[in-house]
Visitor: 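Please read through the structure below; I'll follow up with questions.
This structure is a prediction, so every number in the text was calculated from the model and none was measured. Lettering of chains follows the sequences in order, A, B, ..., and the numbering in each one begins at 1. No hydrogens, no waters, no symmetry mates; every other heavy atom, side chains included, goes into these values.
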Protein chains: 2
Amino acid sequence: MLEGRGGARAAEPPWWPGAVPAQSRRVLRYPEVLQGVHSGAGEHRGLNGMEKRNRRPSMAEVAQHAGVSHQTVSRVINGFAGVRPQTKERIEAAIAELGYRRNNAARTLVTRRSGLLGVIAAGSFLYGPTSTLAGIEEAARHRSYTTLLATIREGAQQEFENAIGVCLDRAVEAIVVIAAQEDVMRYLSSLSVDVPVIVVGPDPHELPSLATMSVDQNEGARLAVRHLLELGHRRIVLLSGPERWVDAAQRTKGAVEECAAAGVDPVVVHGDWTPASGYRLGREIAERAEPEGALAVFAANDAMALGLLSALHEARVEVPGRVSVVGFDDIPEAEFFTPSLTTVRQDFTELGHRVVEAVMAEVDGQEADLTPVPPTLSRRGSTASACG
Amino acid sequence: MLEGRGGARAAEPPWWPGAVPAQSRRVLRYPEVLQGVHSGAGEHRGLNGMEKRNRRPSMAEVAQHAGVSHQTVSRVINGFAGVRPQTKERIEAAIAELGYRRNNAARTLVTRRSGLLGVIAAGSFLYGPTSTLAGIEEAARHRSYTTLLATIREGAQQEFENAIGVCLDRAVEAIVVIAAQEDVMRYLSSLSVDVPVIVVGPDPHELPSLATMSVDQNEGARLAVRHLLELGHRRIVLLSGPERWVDAAQRTKGAVEECAAAGVDPVVVHGDWTPASGYRLGREIAERAEPEGALAVFAANDAMALGLLSALHEARVEVPGRVSVVGFDDIPEAEFFTPSLTTVRQDFTELGHRVVEAVMAEVDGQEADLTPVPPTLSRRGSTASACG
DNA sequence: ACCACAAATGTTAGCGTTAACAAACAGCGA
DNA sequence: TCGCTGTTTGTTAACGCTAACATTTGTGGT
């Protein structure tokens, strides 16, 4: 384990000191799926072909093994008080020996609580949604909920219905939808489901029946623009995301408002989230070479900012000397763009946690707190004073 | 929806033509969770506080509604032949009217098949694992399986055991583990579970009881190095990943072997997957300015390649003029690095699909095909002839 | 009209758990 | 010793579904 601090360790040979001999590794092998532990139930241990496994031991079997009734076993498993320590021990021993695991299907059937949280991830599997998903799963797990995942391609309403259907069929206690497009939201708000549904994404106006939660997009955009304004920029270009994405619209709105408050009139250019669209803007900027002063671009996400930087670099337009660039998201790579990218950071993990908190509150019949998560600004090397 | 082709549309005002007025949006609103549709069962429709929902209608109720026995309803739902069309229609009408949904808990209880696939995502939530996850979910869905997600922080064995436990408690029919670190693998191979387990990740030697599947890392590395050799490079630096990651080791091995076959003696430098470690190597390369010829670096992932490019750019070392760089992964951003990155592409979606195929074969008692998925090379702007 | 036979539908018995209640057992004062 | 508490354990009945079998209904040949 020499990777340690990630330091680049130099090596010897020909034209470089101290080469490390690469250690050799062996060949791929055929799999082998082992079988269960519950020896008591007496089953075969097939190494390879894996014969159909025997029934898992039931509570009744554990009970018999421990010489008690199944109900007492149930009590132990569910941590009820009022079981003699000695009995409890006997039961726990039996459980361990038989490798017993509670049958959640049966439990769900009788308790009418599945302990399942459905998560529907719509569209892209980019950094943001993914981190949010991880945060959600983590928070759910801490509340002893298990996460059911369904992904859908963007724009496929049929798939969406199926996804909801899957969740409902599995009796999830709540559904979280990670989505940002307006059509998904519209569809969602027209939907009637008997469990709490919460959308992780910006709140679109005009859809009052929708519970949404997100990082405050408007505020994030304001943060970015305010930063540019403070640096003295007056010529600001807003590279927005596609209009069907609600967060794109909100970022644009926030940026425009912040500009307006400072008496600045920004130029709005539409991108599509991809680096390619940023790249195009970059070329355009480079072509209209304007020596009369500094320009600032607020790109609505880091990917577009990356394309923009790429184009500007190609055209030898100095960043941040001639053009300042601010991104949005703070993806892990942003710090290593050329130059490192000043960008708005969204704490997706925190968002995921809060979403679960909110949706669980709903499940418990309480009121959910849907306050947006505040963004922060990561100041780096792509922005500089306008009077540079 | 003007984003369309993502073209950067220019605007008017002060110093730029044709600015687009940002449309205004409204305020956030309080949530509102709607209630079920099954009107027949007669329940309350709470708008906000959401009172405990009434029982969902059961098969028996549907049967009664349609004037048949519940078994006939079951037959219709499960698509059995031998139900008179007329009866079927009546039942389907009743189902629609009551908003009936099958209770999977009950179904699982009696059939002993949960239709659940457990996916454990270990460690990072980067592009690769995430795309694979999406592929797995998609493939599972197409086979009418539902995906259960559990994430764990790397190195946390306790969490790992819990994750397996969660899956087993939910009676998943198979488990897919997305992991690459040796310790996770070692733990896994010592584990005894009564359902098929397959690891998505490179196959470590010495753990014969482990079924693994991945993109062919060795071949990918060879592809990258072969490309460099074909360009005439003889001075090759391998920026590897951390040693505990099996794929890091395999990439290094493949690269070393390919070099050896060409009589080239590479320098191996250890990185840690982060752009930072690539950056460090970049500085080191820049400092030891060697005018005597071109250098080539094979970075074991795109993130490190990014850091490397960043450092080289900063130090005004020309890429690919003085140094050629190849990455690994082909993350979406790679195309827009400066310069665009030549890198090894892994088809994670395909990988996900194949993994599900394999694990489902196991479930059906058939033999799984664990052939690794072949990688391809994306040739871009970061590599050039050594004799440039 | 009647029987034979197939097609369509109905009945019954679990699956493994929890909830609700019932019983047995201990301890304790009279 | 008896009854009265409480504590600990056991019994029974769902939960909603499918599998297996039983029954009814329909169809065609005679």
Side-chain angles (χ1 to χ4, degrees), chain A residues 38 40-41 52-92 94-95 98-116 168-171 173, chain B residues 38 41 52-92 94-95 98-116 144 168-171 173:
Chain A
H38 29 107
K52 282 268 142 302
R53 68 161 188 269
N54 294 356
R55 227 173 67 313
R56 288 189 183 162
S58 73
M59 203 173 243
E61 289 172 68
V62 173
Q64 192 180 12
H65 207 83
V68 295
S69 78
H70 65 119
Q71 179 61 3
T72 303
V73 176
S74 173
R75 282 190 262 259
V76 169
I77 286 176
N78 295 308
F80 273 67
V83 176
R84 217 181 324 181
Q86 171 192 355
T87 315
K88 189 176 167 188
E89 255 173 49
R90 251 193 1 259
I91 293 175
E92 277 166 348
I95 289 177
L98 299 180
Y100 169 78
R101 304 208 81 106
R102 153 164 69 199
N103 182 323
N104 255 297
R107 181 186 165 81
T108 297
L109 183 56
V110 63
T111 60
R112 295 156 182 294
R113 300 208 64 179
S114 65
L116 250 28
L168 260 24
D169 281 352
R170 294 282 168 183
E173 294 183 29
Chain B
H38 30 109
K52 281 268 144 298
R53 68 162 188 268
N54 293 358
R55 228 174 65 316
R56 288 190 184 162
S58 73
M59 202 172 244
E61 290 172 68
V62 173
Q64 192 180 12
H65 207 84
V68 296
S69 78
H70 63 120
Q71 181 61 348
T72 303
V73 176
S74 172
R75 282 190 263 257
V76 168
I77 286 176
N78 294 308
F80 274 66
V83 176
R84 216 179 328 180
Q86 171 192 353
T87 315
K88 189 176 167 187
E89 254 173 49
R90 256 201 350 267
I91 293 176
E92 277 166 349
I95 288 177
L98 298 180
Y100 170 78
R101 307 208 79 108
R102 151 164 70 196
N103 181 325
N104 255 297
R107 181 184 164 83
T108 296
L109 183 56
V110 63
T111 60
R112 296 157 182 293
R113 299 209 66 180
S114 64
L116 249 29
S144 314
L168 260 24
D169 281 352
R170 294 284 169 184
E173 294 183 29

Visitor: Assuming nearest nucleotide by heavy-atom distance, tell me which of B:A106 and B:K88 is located more 5' along DNA chain C.
Guide: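 Per heavy-atom nearest nucleotide, the more 5' residue is B:K88.
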Visitor: If I compare all heavy atoms of A:V62 with all of A:I91, which pair ends up nearest, and what's the gap?
Guide: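 What the structure gives for the nearest pair is CG1-O, 4.3 Å.
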Visitor: What is the distance from atom OG1 of B:T108 to atom CZ of A:R170, rounded to the nearest 0.5 Å?
Guide: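 Separation between the atoms: 5.5 Å.
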Visitor: Please work out if A:N104 contacts a base, only the sugar-phosphate, or nothing of the nucleic acid, heavy-atom cut-off 4.0 Å.
Guide: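 Answer is nothing: A:N104 stays at 4.0 Å or more from every strand.
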Visitor: Are B:E61 and B:R55 side-chain neighbours, meaning at least one heavy-atom pair lies under 4.5 Å?
Guide: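 When only atoms from C-beta onward are counted, B:R55 and B:E61 do touch, with a gap below 4.5 Å.
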Visitor: Checking A:R113 now: which residues fulfil salt bridge (Lys or Arg N to Asp or Glu O under 4.0 Å) with it, not counting sequence neighbours?
Guide: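 If we apply the salt bridge (Lys or Arg N to Asp or Glu O under 4.0 Å) test to A:R113, skipping adjacent residues, the hits are A:E173.
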Visitor: To the closest 0.5 Å, what do you measure between CG (A:N104) and CG (B:L116)?
Guide: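 Interatomic distance, A:N104 CG to B:L116 CG, rounded to 0.5 Å: 10.0 Å.
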Visitor: Of all the heavy-atom pairs spanning A:A66 and A:R90, show the shortest one and how long it is.
Guide: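 Of all heavy-atom pairs spanning A:A66 and A:R90, the closest is O-NE, 2.9 Å.
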Visitor: Tell me, please, which residues at least two apart from B:R101 pass side chain to side chain donor-acceptor pair (under 3.5 Å).
Guide: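 Once residues adjacent in sequence are excluded, the partners of B:R101 under the side chain to side chain donor-acceptor pair (under 3.5 Å) criterion are A:D169.
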Visitor: Restricting to non-hydrogen atoms, name the atom on B:A63 and the atom on B:S69 that form the minimum distance, rounded to 0.1 Å.
Guide: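 So the minimum-distance heavy-atom pair works out to CB-C, 3.5 Å.
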Visitor: Roughly how far apart are A:N103 CG and A:M59 CE, rounded to 0.5 Å?
Guide: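 So the gap between those two atoms works out to 9.5 Å.
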Visitor: Which atom pairs, donor and acceptor, lie under 3.5 Å between side-chain atoms of residues 73-81 of chain B and protein residues at least two apart or in another chain?
Guide:
| from | atom 1 | to | atom 2 | distance (Å) |
| --- | --- | --- | --- | --- |
| B:S74 | OG | B:N78 | ND2 | 3.3 |
| B:N78 | OD1 | B:R102 | NH1 | 2.7 |
| B:N78 | OD1 | B:R107 | NH1 | 3.0 |
| B:N78 | ND2 | B:S74 | O | 3.1 |

Visitor: Over how many whole Å does the gap from A:N103 atom CG to D:dG16 atom P extend?
Guide: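 In whole Å, D:dG16 P lies 16 Å from A:N103 CG.
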Visitor: For B:M59 and D:dC15, what is the distance between atoms CE and P respectively, to the nearest whole Å?
Guide: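 For the pair B:M59 CE and D:dC15 P, the rounded distance is 15 Å.
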Visitor: Rounded off to whole Å, could you give me the CD1-to-C1' distance for the B:I77 and D:dA19 pair?
Guide: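 Whole-Å distance recorded here is 16 Å.
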Visitor: Using a 4.0 Å heavy-atom cut-off to protein, can you give one letter per nucleotide of nucleotides 4-11 of chain D, 5' to 3': B if the base is in contact, S if only the sugar-phosphate is, - if neither?
Guide: ----SBBB
Visitor: To the nearest Å, give me how far apart CZ (A:R107) and C1' (D:dA14) are.
Guide: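 Checked: the CZ to C1' distance equals 17 Å.
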Visitor: Using whole Å, report how far CG of A:L109 lies from C1' of D:dT18.
Guide: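 Distance, rounded to whole Å: 13 Å.
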Visitor: Give a yes/no on whether any side-chain N or O of B:R55 is located under 4.0 angstrom from OP1 or OP2 of D:dC15.
Guide: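 Checking D:dC15 against B:R55, no side-chain N or O comes under 4.0 Å of OP1 or OP2.
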Visitor: Take the C1' atoms of the five end pairs on each side of the helix from C:dA1-D:dT30 to C:dA30-D:dT1, derive the two axes, and give their angle rounded to 10 degrees.
Guide: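 Computed from the C1' atoms at both ends, the axes differ by 50°.
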Visitor: Supply the atom-to-atom distance B:I95 CD1 to B:K88 NZ, rounded to the nearest 0.5 angstrom.
Guide: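 Between B:I95 CD1 and B:K88 NZ, I get 10.0 Å after rounding to 0.5 Å.
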Visitor: Give me the first and last nucleotide of DNA chain C, going 5' to 3', that has any atom under 4.0 Å from a heavy atom of chain B.
Guide: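 Span of nucleotides near chain B: C:dA8 to C:dG16.
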